[in-house]
**Q** 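There's a structure below that I have some questions on.
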Amino acid sequence: MTVSRILLLGKSGQVGSALQVRLADRGKILAPDREACDLANINQLRDVIRGVQPNIIINAAAYTAVDKAEEDAEGCFSANAIAPGVIAEVAEALGARLIHYSTDYVFDGAKKTAYLEDDMPSPLNVYGRSKLAGDQAIFAATDNHTIVRVGWVYGLAGHNFAKTILRLAAELDELRIVDDQVGAPTSAEFIADVTARIVDCCGHDAKKGRGVFNLAPSGRVSWHGYAVELIREAKRRGWPLRVEEDMIIPIASKQYRTAAARPKSSLLDTRKIRETFDLDVPAWQVHLKQFMAELGAHAG
Ligand SMILES: NC(=O)C1=CN([C@@H]2O[C@H](COP(=O)(O)OP(=O)(O)OC[C@H]3O[C@@H](n4cnc5c(N)ncnc54)[C@H](OP(=O)(O)O)[C@@H]3O)[C@@H](O)[C@H]2O)C=CC1
Ligand SMILES: Cc1cn([C@H]2C[C@H](O)[C@@H](COP(=O)(O)OP(=O)(O)O[C@H]3O[C@@H](C)C(=O)[C@@H](O)[C@H]3O)O2)c(=O)[nH]c1=O
Ligand SMILES: [Mg+2]
């Protein structure tokens, strides 16, 4: 088997940090930071990729501030739409596989059953439109891509709903959380494990695993139900919180004003990725417990 040269973008993010750990033994990893490889600087981006001559590029870098994107469409599209298209062009010229991440927010959330990879996208917000444009730019530039579509990501590094809720629960007596948007909280460490599996498959078979693949743990929950589970887990571990479980109030989306609209359903059907890569997908609570244990260990 040829040894992989992997270029990883976005190493400081939730998924990027987990990838650095999980891919450490998979080949030579080159992971420039944002200063060395800024998605907004197309010339620098091209030079970095050509300089590294990778056979796998993993793009975990993105503009992920969903509400801020509503008033910064240019910045958001630069990182999420234009840059992925450029990365894909250079990948095609080098014969490299591009592994990239997409989002449930490309869908409008109106579907009653879980989304399939080829369901019609119809994003509700700027972030979702920018990510869809990124996917399309990749499709146009190279067939040698694997796009992993995920949602509701949490991890040890970076910012996410789980960390926000645990912080608020230590400061406030009451939390008000939307109960009419459902999804599956997805661990960055799980995404990194599955990405490592994809990297292994690409090493053996350059044609295998091309295309778009949904990835999520099994089960479903609303943001409210997710918050309740986080608080229960934290209390079970004896973490000092102010809020009691009966003071986590379920509310409707329209009672929680945000700049960006969000889909009612973020559920992703995972049959394709499970069958292609022979994966087991556990219930979302399994990874959440592991996360809480590791978060507790980090906090000392
Ligand atoms: N978070 C989520 O809930 C979801 C995420 N996704 C997708 O998964 C992927 C990974 O997301 P996640 O790990 O959560 O993202 P994070 O927001 O945690 O990290 C984003 C990463 O991108 C880097 N970055 C942002 N802008 C630029 C830029 N202009 N140039 C270079 N680097 C940049 C950041 O660097 P720095 O730290 O230096 O700013 C950071 O390393 C993304 O494609 C995202 O769209 C999909 C669905 C859900
Ligand atoms: C903090 C808080 C949030 N909420 C709601 C707002 C929103 O509907 C929901 C989640 O809020 P967040 O801002 O954490 O989530 P958001 O940034 O929209 O998360 C999204 O990020 C991007 C990058 C993705 O790709 C998506 O898959 C998804 O994970 O919770 C409350 O109802 N009460 C609260 O106190
Ligand atoms: Mg957010």
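Whatever order the structure lists ligands and atoms in, that order sets their numbers, starting from 1. Heavy-atom basis, side chains included; hydrogens, waters and symmetry copies ignored.
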**Q** With heavy atoms of Arg262 as the reference, note each atom of ligand 2 found under 4.0 Å away.
**A** 7 (C), 8 (O), 13 (O), 16 (P), 17 (O), 18 (O)

**Q** Once you round to the nearest 0.5 Å, how far does CD1 of Ile29 lie from CG of Leu7?
**A** 10.0 Å

**Q** For residues 46-64, which residue pairs pass the salt bridge (charged side-chain N to carboxylate O under 4.0 Å, His left out) check, not counting sequence neighbours?
**A** none

**Q** Under 3.5 Å, side-chain donor or acceptor atoms of residues 69-79 against the rest of the protein: list the pairs with distances, not counting sequence neighbours.
**A**
from  : atom 1 : to     : atom 2 : distance (Å)
Glu70 : OE2    : Val126 : N      : 2.9
Asp72 : OD1    : Gly75  : N      : 3.1
Asp72 : OD2    : Tyr63  : OH     : 2.8

**Q** Identify, by atom number and element, the atoms of ligand 2 in contact range of Arg176, meaning under 4.0 Å from any of its heavy atoms.
**A** 31 (C), 32 (O), 33 (N), 34 (C), 35 (O)

**Q** Any side-chain heavy atom of Trp284 within less than 4.5 Å of one from Arg220?
**A** no

**Q** Would you call Arg149-Glu117 a salt bridge at under 4.0 Å N-O?
**A** no

**Q** Can you pull every nitrogen or oxygen pair between ligand 1 and the protein closer than 3.5 angstrom?
**A**
from     : atom 1 : to     : atom 2 : distance (Å)
ligand 1 : 1 (N)  : Gln14  : NE2    : 3.3
ligand 1 : 3 (O)  : Val153 : N      : 3.0
ligand 1 : 13 (O) : Gln14  : N      : 3.1
ligand 1 : 13 (O) : Val15  : N      : 2.8
ligand 1 : 14 (O) : Gln14  : NE2    : 2.9
ligand 1 : 17 (O) : Thr64  : OG1    : 2.6
ligand 1 : 18 (O) : Gln14  : N      : 2.9
ligand 1 : 22 (O) : Ala62  : N      : 3.1
ligand 1 : 26 (N) : Arg34  : NH1    : 3.3
ligand 1 : 29 (N) : Asp38  : OD1    : 3.0
ligand 1 : 30 (N) : Asp38  : OD1    : 3.2
ligand 1 : 30 (N) : Leu39  : N      : 2.8
ligand 1 : 35 (O) : Ser12  : OG     : 3.3
ligand 1 : 37 (O) : Ser12  : OG     : 2.6
ligand 1 : 39 (O) : Arg34  : NH1    : 2.7
ligand 1 : 41 (O) : Gly10  : O      : 3.3
ligand 1 : 41 (O) : Ser12  : N      : 3.4
ligand 1 : 41 (O) : Ser12  : OG     : 2.7
ligand 1 : 41 (O) : Gly13  : N      : 3.1
ligand 1 : 43 (O) : Tyr101 : O      : 3.4
ligand 1 : 43 (O) : Lys131 : NZ     : 2.7
ligand 1 : 45 (O) : Tyr127 : OH     : 2.8
ligand 1 : 45 (O) : Lys131 : NZ     : 2.9

**Q** Enter the distance from Ser266:OG to Tyr115:OH here, rounded to the nearest 0.5 Å.
**A** 8.5 Å

**Q** Tell me whether ligand 2 is touched by Val66 - counting only heavy atoms on the residue side and a distance under 4.0 Å.
**A** yes

**Q** So if I count the atoms of ligand 2 from 1 in the order they appear, which ones are less than 4.0 Å from some heavy atom of Phe161?
**A** 3 (C), 10 (C), 14 (O), 30 (O)

**Q** Which bit of Gln181 is near ligand 2, meaning a heavy atom under 4.0 Å away: side chain, backbone, both or neither?
**A** side chain

**Q** Can you tell if the side chain of Ile191 reaches within under 4.5 Å of the side chain of Leu215, non-hydrogen atoms only?
**A** yes

**Q** Hey, is Val178 touching ligand 2 through its side chain, its backbone, both or neither, going by heavy atoms under 4.0 Å?
**A** both

**Q** Check ligand 2 against Thr64 and write out every atom of the ligand that is under 4.0 Å from a heavy-atom position of the residue.
**A** 23 (C)

**Q** Answer yes or no: is there a donor N or O on one side and an acceptor on the other, between the side chain of Ser4 and the main chain of Ile6, under 3.5 Å?
**A** no

**Q** Going by atom type alone, with no hydrogens or angles, which donor-acceptor pairs under 3.5 Å involve a side-chain atom of residues 85-93 and a protein atom two or more places apart or on another chain?
**A**
from  : atom 1 : to     : atom 2 : distance (Å)
Glu92 : OE1    : Thr142 : OG1    : 2.6

**Q** Ile177 to ligand 2: N or O pair under 3.5 Å?
**A** no

**Q** Indicate yes or no: does an N/O atom of Thr164 lie under 3.5 Å from an N/O atom of ligand 2?
**A** no

**Q** Mark yes when over 12 heavy atoms from residues, nucleotides or ligands other than Lys111 sit less than 6.0 Å from its NZ; otherwise mark no.
**A** yes

**Q** Out of Tyr105, Trp152, Tyr256, Tyr101, who is nearest to atom 19 (O) of ligand 2 when you count heavy atoms only?
**A** Tyr105

**Q** For ligand 2, is there an N or O atom under 3.5 Å from any N or O atom of Asp104?
**A** yes

**Q** What atoms in ligand 2 come closer than 4.0 Å to a heavy atom of Gly151?
**A** 27 (O)

**Q** Taking 4.0 angstrom as the limit, do Lys289 and Glu233 come out as a salt bridge?
**A** yes

**Q** Apply the ring-ring contact (aromatic ring centres under 6.0 Å, His included) test between Phe161 and each candidate in Trp152, Tyr226, Tyr154; give the one that qualifies.
**A** Tyr226

